[in-house]
There are 4 protein chains.
Amino acid sequence: MERRKLPRQQRAKATVDSILDAANDLIREKGFSSIGTGEIAARAGVNIASLYQYFPNRETILFSLYEEAANQGAHKLNSLAMKIVHDELETVVPKIIKLLLTHYEEHSAILLRMLHEVPELRRATRVVPFEKMIGSTIRLYLQQHPEFRIKDTPRHMFFLENLVVSNLTRYVTDPPPNVSRSEFLTHLSRVIVAYLKGSFS
Amino acid sequence: MERRKLPRQQRAKATVDSILDAANDLIREKGFSSIGTGEIAARAGVNIASLYQYFPNRETILFSLYEEAANQGAHKLNSLAMKIVHDELETVVPKIIKLLLTHYEEHSAILLRMLHEVPELRRATRVVPFEKMIGSTIRLYLQQHPEFRIKDTPRHMFFLENLVVSNLTRYVTDPPPNVSRSEFLTHLSRVIVAYLKGSFS
Amino acid sequence: MERRKLPRQQRAKATVDSILDAANDLIREKGFSSIGTGEIAARAGVNIASLYQYFPNRETILFSLYEEAANQGAHKLNSLAMKIVHDELETVVPKIIKLLLTHYEEHSAILLRMLHEVPELRRATRVVPFEKMIGSTIRLYLQQHPEFRIKDTPRHMFFLENLVVSNLTRYVTDPPPNVSRSEFLTHLSRVIVAYLKGSFS
Amino acid sequence: MERRKLPRQQRAKATVDSILDAANDLIREKGFSSIGTGEIAARAGVNIASLYQYFPNRETILFSLYEEAANQGAHKLNSLAMKIVHDELETVVPKIIKLLLTHYEEHSAILLRMLHEVPELRRATRVVPFEKMIGSTIRLYLQQHPEFRIKDTPRHMFFLENLVVSNLTRYVTDPPPNVSRSEFLTHLSRVIVAYLKGSFS
DNA sequence: TATGAATGAGGGTTCATTCAT
DNA sequence: AATGAATGAACCCTCATTCAT
């Protein structure tokens, strides 16, 4: 699951990037299971053997794609969280949710469909699902705000994480008719805030 | 996508069933993408050409499997809903949720993983996802209870359906540690009831 | 190393035979390492997938070829040996040697070059080298003729087997100029007889 | 088939040597057909392109290896032969045989397996098989000892050369159980002497 | 009807060798 | 002179599906 060798020269970096880009494009167009290494190489304008100099097998290409999108998202998420960690809850949540929605929209194929459609990836221990990263951020937030009635219990973490991830996921992959983006964001944020404030227990 | 011919004779029925059973078993063991028609036929003790006499292609087998599990679930769901439609909300919801959880647990491979891992199926118009069936039941219920502050608006339907389905789904496929089944059921039901009673708007 | 399935119908037997024949021809023409499954199938006029229905991998094809040539030779050898077992040594040996030479000549590519050039075959435990079969026959003969001064000791077996096999082998693969076939046969037989009679010990 | 350029500098000589050594090691470990140029270069700690600066193709590397082992053996053989050319036959033969056995044992992979397993080498006209070198020495010896009843006829050369080479070869590659080295050497020498003295004609 | 046989199309991967810096 | 990068050509093998008895 490791890359085979790291590109040292500029030319090689370009090759690797074009491979990754090509894979990305093809995934958006055709899904995962139907694309093959040959097709990726062809689209990238790269010899198939070159592809295999940097990626030991097909899976690793997909894995790299996911890793990149997830890490980038986690980075954005954490940056924002750091900045607004001391704001009011009603302000924080919508901002976070909006950022996540945007990121999911930009990388829906990779982040949302890939782990589902290629279950082997999930089994690859090195893959840390983006959802877990979101969960970590939520947990961190809760720990720094002991005033919430909702604590870091397994149950609440489960529901919270799911509340966030599943609604975003579904809004992107299976968008409901007649629900505008802002309407969705507002409502979801409100539900989350209500949950955090413990309107249920 | 239609079955090729309906089995009129007893023997043919048995053949079809053995194919479906074999597919079911293999799916549980190895997932979807890795199982092939030859393997299914072999496991079923049926000649590969016979298999193609009843199923025009690989997809149809999977489709039949899904259809059966979904319809059976919908049937159970509706039966229960009819019986308790006039009970109190706090009684109705946990019963429904429990039934759904049980059904999902029994058919997790088919109902939860298959549509995700085999995206072509989702595109097949004839497949009605079980989630939609759940949505319909919810909608029906809402229509018969105009006293709820939550109405049958697209937004509420979206959140409600998702609340139910995603939590059940995730509880089955990615069970949280340290959250007991009954704890989960209770909490989920409570959240749903709260949502229905409009604790958020 | 087992054949994958046995041909039951006449058609299938023909397919298998044509594969084996094609492989045989190609081996004579080009050697072993350079021929591939695709080439064999093409030459045989058979689809590559059909080939793999009867042979699980490339090696097995070569193996089958060897097995057939070796078994056929062993059979001829034993038939002859049974017939003349009670004749005089000076009569027996030339007949045996001539038979072996003829068999080697007919199957030189398979029997003489294959085991050398494809060392994996030798490691395949199921392959019984033809040379061992010859050795067995020699041993059997010695046991039935206790009057010889040469006994069935490891050392004598080693030399005898080698005397027979290596000279025949080399005569076929690397024929000496100016040594006629009959001259070779006569001389080799004479040496063997001398060795059997113990002109050395 | 020529080396591409002769190494003039010290560093280049070292590079060539490390390539040859690496190839040698790999051959002992894995055989011939399975080792590739990339592997050799990696093991030698040399860039693959550098390798191709000294060897125009894969074959040449193997060829160089053979050439070195064969020439070294021929040299040892001739040195010894010169020294003892006037000794008694019964003394000469065992010494020669022992030297050859030792040399074969030390270079069995190269001298015994390589020409067999890589038939292209044999076809390369520049390769003079070690066996031919042995044959030459035998012939030379016979010419200098006209008192032997065995003359330098094609037939006798064929048998003699084969007697020596094949027994040594087989003893090394396929050692018989329960035949000690010294027993083998003694017996083989005795047979050779007997043959030279014409105990058969 | 049921079964053995056949097949087209592709899919992942490797290797010897050459190019460009 | 030495190295990282690139590549063309294969090769082994599998699978969904159809044919023929």
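Per chain, numbering begins at 1; letters A, B, ... match sequence-line order.
- In this structure, D:Arg58 contributes its side chain and D:Ile35 its backbone to a donor-acceptor pair below 3.5 Å.
- No donor-acceptor contact under 3.5 angstrom links the side chains of A:Ser18 and A:Asp21, judged on distance only.
- Between the side chain of C:Gln9 and the base of F:dA20, no donor-acceptor pair under 3.5 Å is found.
- If you take NZ of A:Lys13 and P of F:dA6, they are 12 Å apart, rounded to a whole angstrom.
- Here the side chains of C:Phe55 and C:Arg4 are not in contact, with every heavy-atom distance at 4.5 Å or above.
- Taking side-chain N and O atoms only, C:Asn47 has a distance below 4.0 Å to OP1 or OP2 of E:dG8.
- The shortest distance between the side-chain N/O atoms of C:Asn57 and the OP1/OP2 oxygens of F:dC12 is not below 4.0 Å.
- When distances are taken from the side chain of D:Ile48 to each of E:dT18, E:dA2, E:dA5, the shortest belongs to E:dT18.
- For the OP1/OP2 pair of E:dA5 and a distance below 4.0 Å, the side-chain nitrogens and oxygens of C:Ser50 include no atom meeting the criterion.
- Residue contacts for B:Thr15: at a heavy-atom cut-off of 4.0 Å it reaches no nucleic acid atom on any strand shown.
- In terms of modelled atom types and a separation under 3.5 Å, the side chain of A:Ser50 and the main chain of A:Val46 share no donor-acceptor contact.
- Judged purely by atom type and a 3.5 angstrom limit, C:Asn57 uses its side chain to pair as donor or acceptor with the backbone of C:Thr60.
- Applying the 4.0 Å criterion to OP1 and OP2 of E:dT1, one finds that B:Tyr54 has every side-chain N and O outside that range.
- Across all strands shown, E:dG8 is found opposite F:dC15 as a Watson-Crick or G-U wobble partner, with both distances under 3.5 Å.
- Of the listed nucleotides (F:dA6, E:dA2, F:dT17), F:dA6 has the atom at the smallest distance from the side chain of A:Ala12.
- Side chain of A:Ala49, nearest nucleotide from E:dA6, E:dT17, E:dT14: E:dT14.
- Counted within 6.0 Å of CD on C:Glu68, heavy atoms from surrounding residues, nucleotides or ligands total 12 or fewer; the atom is thus considered open.
- Using Watson-Crick or G-U wobble geometry with both donor-acceptor distances under 3.5 Å, F:dT21 finds its partner in E:dA2.
- For the pair A:Leu51 CG and E:dT14 P, the computed distance is 12 Å after rounding to whole Å.
- Each of A:Tyr52 and D:Arg58 was assigned the nucleotide of DNA chain E with the nearest heavy atom; the assignment lying further toward the 5' end belongs to A:Tyr52.
- Near DNA chain F, meaning a heavy atom under 4.0 Å away, there are no residues from residues 23-41 of chain A.
- Side-chain contact between A:Pro119 and B:His116 is absent, with no heavy-atom pair separated by less than 4.5 Å.
- C:Arg11 has no side-chain polar atom (N or O) that falls below the 4.0 Å cut-off from OP1 or OP2 of F:dC19.
- Here C:Phe55 lies out of heavy-atom contact (under 4.0 Å) with every strand.
- C:Arg4 has a side-chain polar atom (N or O) that falls below the 4.0 Å cut-off from OP1 or OP2 of F:dT14.
- Classification of D:Lys13 and D:Asp17 as a salt-bridged pair holds, one side-chain N sitting under 4.0 Å from a carboxylate O.
- Put simply, the side chain of C:Gln53 and the base of E:dA6 share a donor and an acceptor less than 3.5 Å apart.
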